[in-house]
Amino acid sequence: LLLLLPPAASAEPELRFRPPAEAPVRLFTEPELARYDGHEEGQPIYLAVKGVVFDVTSGKEFYGKGAPYNALAGKDSTRGVAKMSLDPADLTHDTTGLTEEELKSLDDIFNNVYKAKYPIVGYTSRRILNEDGSPNLDFKPEDQPHFSIKDEF
């Protein structure tokens, strides 16, 4: 009686693509972030608060095309979040002149809504670079949530 057995496993392990446990984060310029404003079907929806880019696609009914908070999508809307404003003038990263109450509200929403609910997919280039393109010396990758230099480069 002849038994048919599968050939012995080779000494080399089988190579298969395995996605990383967490997708690496990336750096977004303003035009790159604007591509993810919820207007293109099938594209993820991103928004940034405090220079941190969140994937808010799971909240499509809030941030998608025609949704109540779509104005926040595709940009760093830090000031608008702090002031709870959808005024186009407030849809910016600039926090100059915000009151203590608005800054506290910003921190609360950032921590208890965005960081608690949505995955971080990257950072705005403005968070890491100064206006002139020089490195922001106050930026410390090790202090950033979900940021790993080995994943980034």
Side-chain angles (χ1 to χ4, degrees), residues 14-153:
E14 183 179 338
L15 297 178
R16 290 186 193 183
F17 172 75
R18 288 190 190 103
E22 276 188 45
V25 296
R26 57 183 272 215
L27 200 57
F28 289 87
T29 62
E30 287 181 29
E32 288 171 329
L33 185 56
R35 289 188 226 153
Y36 301 97
D37 64 359
H39 286 89
E40 192 173 323
E41 194 63 40
Q43 277 278 59
I45 304 167
Y46 296 163
L47 72 79
V49 178
K50 295 173 68 170
V52 178
V53 181
F54 295 94
D55 181 341
V56 296
T57 308
S58 65
K60 186 176 177 177
E61 66 276 12
F62 301 109
Y63 301 103
K65 183 178 181 179
Y69 301 117
N70 177 253
L72 301 172
K75 61 185 71 70
D76 188 327
S77 299
T78 302
R79 185 179 198 83
V81 169
K83 295 181 77 166
M84 296 185 184
S85 168
L86 296 175
D87 181 333
D90 288 329
L91 301 180
T92 176
H93 69 281
D94 188 11
T95 58
T96 307
L98 291 178
T99 66
E100 284 298 317
E101 186 177 308
E102 289 167 336
L103 290 170
K104 183 183 178 333
S105 173
L106 172 63
D107 285 341
D108 287 347
I109 294 168
F110 178 76
N111 289 312
N112 300 323
V113 175
Y114 292 106
K115 277 177 65 177
K117 270 179 99 167
Y118 301 109
I120 294 171
V121 293
Y123 298 90
T124 60
S125 57
R126 180 179 306 282
R127 184 178 175 96
I128 297 173
L129 304 174
N130 294 317
E131 293 289 330
D132 63 2
S134 64
N136 174 357
L137 299 178
D138 294 327
F139 179 80
K140 306 233 180 328
E142 63 276 11
D143 294 338
Q144 308 306 312
H146 307 295
F147 186 89
S148 170
I149 289 178
K150 70 179 175 53
D151 288 339
E152 186 71 15
F153 301 104

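Counting begins at 1 with the first residue of the sequence.
Among all heavy-atom pairs drawn from Q43 and R35, the shortest one is NE2-O, 4.2 Å. Residues S77 and A71 come closest through the heavy atom pair OG-O, 4.4 Å. Contact detail for N112 and A116: the closest heavy-atom pair is O-CB, 3.5 Å. For the residue pair V56 and Y118, the shortest heavy atom distance occurs at CA-CD2, 3.6 Å. Contact record, S105 with M84: OG-CE, 3.5 Å, taken as the closest heavy-atom pair.
Distance check: T124 OG1 to E32 CD gives 11.5 Å after rounding to the nearest 0.5 Å. With rounding to the nearest 0.5 Å, the separation of CG in L33 from OG1 in T29 is 8.0 Å. Atom NE2 of H93 sits about 14.0 Å away from atom NZ of K75, to the nearest 0.5 Å. To the nearest 0.5 Å, atom CG of residue D55 and atom OH of residue Y36 are 10.0 Å apart. Rounding to the nearest 0.5 angstrom, the gap separating the NZ atom in K65 from the CD atom in E40 is 10.5 Å.
With V81 as the fixed residue, the side chain to side chain contact (heavy atoms under 4.5 Å, CB included) test singles out one of V113, D90, L91, L106: L106.
In this structure the side chain of F28 never reaches within 4.5 angstrom of the side chain of D76, judged on heavy atoms.
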Which atom pairs, donor and acceptor, lie under 3.5 Å between side-chain atoms of residues 44-52 and protein residues at least two apart or in another chain?
unit_1: K50; atom_1: NZ; unit_2: D107; atom_2: OD1; d: 2.7

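Side chain of R79 to backbone of T96: a donor-acceptor contact under 3.5 angstrom is found. No side-chain donor-acceptor contact under 3.5 Å links N70 to the backbone of G66.
E41 CD: 12 or fewer foreign heavy atoms inside a 6.0 Å radius.
Ring orientation note: the planes of Y69 and Y63 are tilted relative to one another, at an angle of 30° to 60°.
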